[in-house]
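Single-structure report; data block below.
Side chains are part of it too, since the values below use all heavy atoms of this structure and drop only hydrogens, waters and symmetry mates.
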Amino acid sequence: MNKVNFTLIGVIFMLIFTNITYSKSKASGDYKYSPFNPPISYEEATKRAEQILSKMSLDDKIQLLGGHKLFYVKGFKKYGIPEFYMSDATQGVHIRKIVSKKLRKSVAFPSPICLSSTWNPELAYKYAKSIGEECRAGGIAVLLGPGMNIYRISQNGRNFEYFGEDPYLAARMIENYVVGVQSTGTIATLKHFVCNNNEYHRRTTNVIVDERSLFEIYTYPFKAGIDAGAMAVMTAYNKVNGEWCGQSKFVVDCLLRKKLGFKWLVMSDWWSTWDPEKTIKSGIDLEMPGDILDGHPVFDRIGDITVKSNTKRLLKEGKITENGINRMAKNIIRTFIAMGLYDRPVMEKKFLKNFPIHEKIALQTAREGIVLLKNKNNILPINSSKKILLTGKFVRKIPHGEGSAYVKGYNRISLIKALKSEFGRKIKYKKNPSDKHIINSDVVILCIGTIDSEGKDRPFELPEEIEKNIKRIVSLNPNTVVIVNSGGGIKMTDWADKVGAIIYAWYPGQIGNIALAEILAGKVNPSGKLPITIEKDFKDSPGYGYIPEGTDLNTGWGEDFNIFFEVNNIEYKEGILVGYRWYDTKGIEPLFPFGHGLSYTTFEYRNLELSKSKFTSKDTVTVKFNLTNTGKMAGAEVTQLYVRDIESKVLRPVKELKGFKKVYLEPAETKQVEIKLTKRDFSYWDPDKKDWYAEPGEFEILIGSSSKDIRLKGKVTLVEKN
């Protein structure tokens with residue numbers, strides 16, 4: 001037996017040993033979300049911070065305001081201030097050996113967009129708790145995640161790091177993620193605040209956005225993370241309404257601190273601030289990385305514009321005050337004290353023994369997050385007697401996102417390893433299969449996709465040669481299963497109706513291909529649902545036209561720093577109509593709708609009950625209905641509740657997600673699903689009132705299996721004015 005097979009068998013044995021090889025997707029029933037409270041109160045941490053601050057020299061306080069050694073917060077032994085290491089990212093710990101050698105390996109989890117496809121908040125908690133434990137094992141005080149920018153356009157190179165297009169779904173996943181990370185004693189960082197929704201020349205993107213869209217769409221997940229107890233926020237690279245986020249008083253002080261109520265550490269993204277006076281006055285605490293990039297043409301041209309190098313000059317010129325310096329330094333110290341990081345070691349090697357459990361959670365995330373988009377004539381699952389041809393881009397290479405979010409992982413299982421373990425000799429791999437190979441196979445498995453990355457966007461369309469190959473294979477054998485590995489939507493319009501099946505596997509992590517093989521074989525019943533809308537053509541998207549026509553998206557890292565590139569003003573003309581809100585309201589038919597995902601079984605929705613037909617702003621409306629597994633295989637269904645304002649004085653979407661439950665059922669089993677709604681679920685942001693407002697009148701309650709597949713309807717009426 002060769003080394004490869006020993007590796008795979010070892011991983012599978014480990015999974016069996018840790019009770020991983022189960023296909024059921026059940027919530028444990030004993031987990032309930034509650035916000036995180038730091039071990040030391042804000043008030044006590046403030047007192048201790050003020051005591052330390054009173055002993056510090058001005059020079060030392062200034063040095064604290066900027067980062068240290070690229071990824072550290074500076075420490076001062078003479079004041080009892082430890083040095084703290086910060087590491088990326090949302091889908092696992094990105095190991096930078098040139099910065100820190102304390103962590104030798106980390107689990108590569110499925111991408112966050114795959115996690116969001118599980119629609120399982122409890123799993124988000126476990127996923128994040130695992131990452132937090134790996135941070136503790138590696139002496140990492142701050143995780144630079146979760147990322148939570150809204151999926152506005154399919155071409156965004158960082159969509160794989162985020163949680164999809166819907167603010168409500170993202171909020172529920174984010175709040176559990178925050179609690180999971182911070183329960184381990186690791187600080188979670190909400191990023192990138194705000195409206196960092198594309199990577200094309202992100203530093204010279206100026207987002208023009210209205211107040212209502214900011215609150216209903218773009219800050220909504222951040223507010224959930226703040227309410228969950230997140231202790232750090234990172235500002236974005238882009239401008240919002242004319243000013244860079246990291247030096248914008250409106251973005252940081254007015255929006256983040258005053259309106260959203262964030263009181264802990266605010267840091268800039270790396271090299272994203274260009275005016276030290278504005279940065280100090282904005283409400284930010286920590287400028288990262290704190291030093292210029294030596295030898296880079298941008299800094300050669302503009303000089304050293306860091307906070308650390310300019311604070312004394314600005315103070316002498318009377319442009320800033322020492323109170324402003326003290327505010328920043330105090331908030332940095334206070335945040336770390338509150339998390340208990342001044343009183344205990346960051347590193348806890350005991351968490352190393354939990355890595356097998358983390359792999360278990362990574363695998364379960366892939367099992368629940370992989371989405372079956374199409375299954376013509378029930379071609380899936382594949383019978384073990386079938387002759388299977390395997391070909392495509394990611395047969396031997398494990399697909400992943402790049403940039404700061406990249407996590408290498410270990411115990412890596414390629415698709416061909418996983419499929420050979422599942423199907424044995426029935427699997428034949430051909431890099432360039434002939435017509436005869438394709439025609440003579442019972443099933444063809446074709447894997448395609450994209451490698452997305454921070455710092456650049458990528459086309460919605462696949463390369464022409466890939467498109468031609470897909471069409472050729474499908475024309476020769478319609479029993480083709482297309483597996484898509486990508487961080488967001490791709491164009492499938494020209495062949496989606498011709499293939500036998502489509503599976504969206506995202507970036508599945510180090511052992512997610514085991515889950516994919518289990519789904520293909522029918523050992524696991526797919527339950528993932530799209531957290532995005534996949535359009536037929538990018539021209540259908542609300543974000544179409546965000547870059548000059550004919551522009552090369554693949555600008556790369558060399559151009560990423562070019563702040564002298566012409567500013568690209570992107571007006572969010574669609575307002576609140578992002579994702580399915582746009583497609584529904586404009587009557588544009590997508591290729592695959594938000595919330596869509598098939599199963600190997602079927603589900604029936606019945607007996608909708610509403611606790612009230614009329615309610616006041618103080619009431620809770622309880623929605624109940626029965627869900628039955630009417631098929632022959634156990635499985636999980638994500639039930640989705642949407643609210644529609646039947647008549648409104650302002651533009652409202654056709655429907656908005658306001659509740660969901662993932663329910664596991666055995667064949668013929670029925671469960672009653674219960675979802676509660678409050679006034680907030682019927683509200684919109686009123687710029688005149690500067691608050692959420694629920695307009696009295698009729699609302700429709702829509703229950704379905706996706707945003708397009710509505711099974712039950714009811715009506716309620718808000719009867720009082722407010």
Side-chain angles (χ1 to χ4, degrees), residues 7-8 10-12 14-16 18 20-23 25 89-93 105-120 123-124 126-128 130-131 134 160-161 355-373 380 390 392-402 405-422 445 447-452 481-488 502-521 523-531 597:
T7 300
L8 180 56
V11 171
I12 292 173
M14 179 274 295
L15 299 179
I16 293 172
T18 53
I20 293 180
T21 54
Y22 54 89
S23 61
S25 170
T90 311
Q91 62 184 39
V93 179
K105 67 177 184 179
S106 61
V107 172
F109 288 81
S111 55
I113 200 167
C114 180
L115 174 62
S116 199
S117 299
T118 71
W119 294 59
N120 186 340
L123 191 54
K126 293 178 179 178
Y127 174 113
S130 300
I131 295 171
E134 294 189 15
F160 73 96
E161 298 184 48
F355 275 51
I357 298 171
H358 303 166
E359 285 192 89
K360 166 184 174 180
I361 291 163
L363 180 58
Q364 187 63 16
T365 302
R367 284 174 173 150
E368 294 194 38
I370 291 172
V371 185
L372 178 60
L373 293 181
L380 296 179
L390 175 64
K393 185 174 183 178
F394 298 114
V395 172
R396 299 189 184 279
K397 178 183 179 181
I398 295 178
H400 58 80
E402 295 183 337
Y406 172 61
V407 183
K408 182 179 180 180
Y410 60 96
N411 286 343
R412 294 155 57 88
I413 303 299
S414 67
L415 182 59
I416 192 168
K417 291 180 191 176
L419 290 179
K420 281 189 173 181
S421 176
E422 195 63 58
I445 298 176
C447 51
I448 63 170
T450 63
I451 295 295
D452 300 350
V481 179
V482 177
I483 296 168
V484 181
N485 293 117
S486 184
I502 302 174
I503 294 178
Y504 236 73
W506 311 106
Y507 299 140
Q510 65 187 48
I511 55 173
N513 281 318
I514 294 174
L516 182 54
E518 291 172 336
I519 288 171
L520 289 167
K523 290 184 177 179
V524 166
N525 193 346
S527 63
K529 300 275 190 174
L530 287 177

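The side-chain contact (heavy atoms from CB on, under 4.5 Å) search around Ile416 returns Leu390, Val395, Arg396, Ser414, Lys420, Tyr429, not counting sequence neighbours. Under the side-chain contact (heavy atoms from CB on, under 4.5 Å) criterion, Val407 pairs with Gln91, Ser106, Ala108, not counting sequence neighbours.
Atoms CD1 and CD1, from Ile502 and Ile483 in turn, are 11.5 Å apart once rounded to the nearest 0.5 Å. For the atom pair CZ (Arg412) and NZ (Lys397), the distance works out to 9.5 Å, reported to the nearest 0.5 Å. Here Arg367 contributes atom CZ and Asn525 contributes atom CG; the two are 13.0 Å apart, rounded to the nearest 0.5 Å. If you take SG on Cys447 and CG on Asn513, they are separated by 8.5 Å, rounding to the nearest 0.5 Å.
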Item to complete: Test side-chain contact (heavy atoms from CB on, under 4.5 Å) on Asn411 and Glu359 and set out the steps.
Response: CA-CA 9 Å; Asn411 286 343; Glu359 285 192 89; 3.4 Å; yes
Discussion item. Could you go through Asn485 and Ile398, starting from their C-alpha distance and side-chain angles, then the distance that decides it, and tell me whether this counts as side-chain contact (heavy atoms from CB on, under 4.5 Å)?
Written reply: CA-CA 9 Å; Asn485 293 117; Ile398 295 178; over 6 Å; no
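Each of Tyr406, Phe394, Tyr507 was scored for a ring pair (Phe, Tyr, Trp, His ring centres under 6.0 Å) with His400, with one residue passing: Tyr406. The only member of Thr365, Ile357, Ile361 that meets side chain to side chain contact (heavy atoms under 4.5 Å, CB included) when paired with Ser130 is Ile361. Applying side chain to side chain contact (heavy atoms under 4.5 Å, CB included) to Tyr127 and the options Leu115, Thr118, Asn120, Val107 leaves one that passes, Leu115.
If you check the side chains of Trp506 and Ser486, you find no donor sitting under 3.5 Å from an acceptor.
Contact of the Pro508 side chain with the Pro399 side chain is registered, since non-hydrogen atoms from C-beta on lie closer than 4.5 Å.
In terms of modelled atom types and a separation under 3.5 Å, the side chain of Lys529 and the main chain of Gly597 share a donor-acceptor contact. Between the Glu518 side chain and the Lys523 main chain, no donor and acceptor come within less than 3.5 Å of each other. The main-chain N or O of Gly401 is never found under 3.5 Å from a side-chain atom of Asp452 such that the two would form a donor-acceptor pair.
Lys105 and Glu134 are not joined by a salt bridge, as no carboxylate oxygen comes within less than 4.0 angstrom of a charged side-chain nitrogen.
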